[in-house]
Amino acid sequence: MKEKTVTLNTSSSDAERKMLSDAGYADPAIKYYLEKKYMGHIENADQISEKIGSCGDTMKVYLKIDDNTIIEDVRYEITGCAGAISAAMAAVDLVKGKTLDEALLINDGHVFKALENIPEKKHHCIQLAVKTLHKGIEEFKTRQTV
Amino acid sequence: MKIVYTDNNATTKVADEVIEEMLPYLGEFYGNPSSMHTFGDQVGKKIKEARQKVADLINADPEEIVFTSCGTESDNSAIFSAIHAFPDKKHIITSNVEHPAVKNLFMHLGKKQGYKITFVPVDKKGILDTDQLYKRMTEDTALVSLMWANNETGVLFPIEEIAQKTREKGILFHTDAVQAAGKVVIDVKKTDVDMLSLSGHKIHAPKGIGVLYIKNGLKFSPFLIGGHQEKGRRGGTENTVSIIGMGKACELAKKNLPVVNTAVRKLRDYLQNQLLEKIPSCSVNGDLNLRLPNTLSIGFDAVEGESILLMLDRYGICASSGSACTSGSLDPSHVLMAMGVPFKSAHGTIRFSLSHYNTPEEMDHIILALISVIEKLRAMSPFWKNGKLI
């Protein structure tokens, strides 16, 4: 079969936006998913931690911590669905600039509120985003006290 | 945006010829086929014609064909009838990769009605362990129910051989042939099954119409008890329009069978080989030979299936996924798990299921889109670094 050049329609994410909306994702959650603004890694991160969720989705969190106290930056690498990605991105907005102890007080409810809504079957994705973040903070703190 | 539809094991486009055949019976000819007047009788004659066409697809006699509402009703009717036929037998056998229409009914019968259930395993290629199957058939076994072809991987079970074994042992045998119809030759004169299920919407008929083949002479207890319709084997006024559509769809399926096994197979193989060549760390699920000609289940390491589907949707590509995220539970596809497919591959599995409406250009579109999608998803995966799985 002869290979052909096919023009791919990557310019519009309207269809994806509508599909997510129909599935039960609120606008803020869709924005977080589409922008993926905290996706990736941090060179010279102060802490890297990883967690596997109950569904098998996996997150790796990179933390940049100022003066061993303030969360300066966070990035996630994710093998996961739209629920996982939107939850992780929303969690970053909630903890950037906070102290480690303040960040540990962020819970699933805070992230859900920031997303406004995601489908019920995706609520465990929020848990994974928060647990991965907390794991990173706890492991960083443990290393500081050793 | 043009839609590239490769989710035909989920449902199919209703063929134009089928719509054309149905339309007069949705409008002008609305009579009840059971009525004692010419107006109703002309619909009755059309249903007779449709029954013959369905019978022709599987080489059955028309009186062996019962119209139902869907594949699930056909499966349920067959299984309940079999256990009613042998009320003293309390053991039933199926496989661990069945469609929920059979799997969940078996689990229900085990939990609520005290049946002993055997789920026969498959190997890593999805091939049924027939040694286990034959060993587990006993005098207490009322029924063996096995799918002809798997909906996720397309892997085929040796239905003809199993039918012979069950016949020798005097055990009833039902097969869910919903995915096999129109893709492989089904000949019930040669393959000695007692009951066989079909579904209209998998073969370009509308949703809401199914068929149960019941072998001549088999004692049958109806699932829906009501009027005399379908010779007392399925009560309820006939879904005349859909039955007529089903007849036409079966006629077309018989005609198109060689096309599905040549042109569609060629498209599927092209798609498969190009993806394997151009995308690293991916693998096909299921036996490469004992497989439906239209189905490709392929797992991409280090990515998640639902994300792939969402991004493919941007390109107008419709497929389906075996990931946990898509299943609505926390577990990936029970079929892939039963085959022992590693989680990292099952989680990123996509099923493409083609039809004779697909074109070579569409395959090229999918290949280019998928290369880009997998690359983007792997760029944000914790399992993928510098072009390699870690």
Side-chain angles (χ1 to χ4, degrees), chain A residues 1-20 22-23 25 30 33-34 36 38-41 48-62 75-86 88-89 119-125 127-128 132, chain B residues 1-4 266-267 269-271 273-274 278 300-317 321 323-332 343-344 346-348 360-373 376-385:
Chain A
M1 213 165 299
K2 203 176 122 204
E3 275 197 45
K4 291 181 181 173
T5 307
V6 180
T7 309
L8 301 176
N9 180 5
T10 52
S11 58
S12 168
S13 53
D14 287 352
E16 202 172 356
R17 193 183 296 274
K18 187 176 180 310
M19 193 157 73
L20 288 165
D22 291 346
Y25 289 86
I30 295 171
Y33 167 72
L34 291 175
K36 299 180 180 66
Y38 304 118
M39 190 66 78
H41 69 283
I48 304 171
S49 295
E50 187 174 309
K51 193 159 179 61
I52 301 172
S54 49
C55 63
D57 280 0
T58 305
M59 295 189 184
K60 190 185 262 189
V61 70
Y62 295 77
R75 290 287 184 276
Y76 278 90
E77 286 178 332
I78 299 172
T79 293
C81 62
I85 292 167
S86 58
M89 301 299 101
E120 197 178 336
K121 67 178 184 179
K122 301 290 183 185
H123 287 185
H124 68 275
C125 301
Q127 288 179 351
L128 177 60
T132 309
Chain B
M1 181 169 45
K2 186 181 178 296
I3 295 297
V4 175
K266 200 172 155 193
L267 287 182
D269 289 347
Y270 173 71
L271 177 65
N273 296 338
Q274 287 288 300
K278 294 186 171 165
F300 301 93
D301 292 341
V303 292
E304 189 278 317
E306 189 182 284
S307 288
I308 302 173
L309 291 185
L310 270 172
M311 291 179 79
L312 284 179
D313 195 63
R314 286 191 194 181
Y315 299 88
I317 297 165
S321 158
S323 83
C325 300
T326 321
S327 72
S329 73
L330 294 175
D331 301 314
F343 188 87
K344 65 178 171 54
H347 207 43
E361 289 73 24
E362 288 179 338
M363 298 304 106
D364 286 328
H365 181 68
I366 293 171
I367 293 156
L368 281 183
L370 207 47
I371 290 169
S372 165
V373 164
K376 282 192 180 96
L377 289 171
R378 281 179 174 167
M380 59 190 204
S381 168
F383 299 122
W384 195 260
K385 284 282 171 295

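In what follows, chains are A, B, ... by sequence order, proteins preceding strands, each numbered from 1.
Of the two parts of B:Lys2, neither the backbone nor the side chain holds a non-hydrogen atom closer than 4.5 Å to a non-hydrogen atom of chain A. At a 4.5 Å heavy-atom cutoff, the contact between A:Leu34 and chain B is made by side-chain atoms alone. Proximity to chain B is absent for every atom of A:Glu120, based on heavy atoms less than 4.5 angstrom apart.
Ranking B:Leu310, B:Leu377, B:Asp313 against chain A, the residue ahead of the rest is B:Leu310, based on heavy-atom pairs under 4.5 Å. In terms of heavy-atom pairs under 4.5 angstrom with chain A, the leader among B:Ser307, B:Ser381, B:Ala346 is B:Ser381.
Looking at heavy atoms from C-beta onward, A:Lys51 lies out of side-chain contact with A:Met59 at the 4.5 angstrom threshold.
One distance of note links SG of A:Cys55 with CD of B:Glu304; it measures 7.5 Å at 0.5 Å rounding. Expressed to the nearest 0.5 Å, how far CD of B:Glu362 lies from CG of B:Leu271 amounts to 11.0 Å.
Not counting sequence neighbours, the partners of B:Asp301 by the salt bridge (Lys or Arg N to Asp or Glu O under 4.0 Å) test are B:Lys344. Remark: A:Lys18 pairs with A:Asp22 by the salt bridge (Lys or Arg N to Asp or Glu O under 4.0 Å) rule, at least two apart or across chains.
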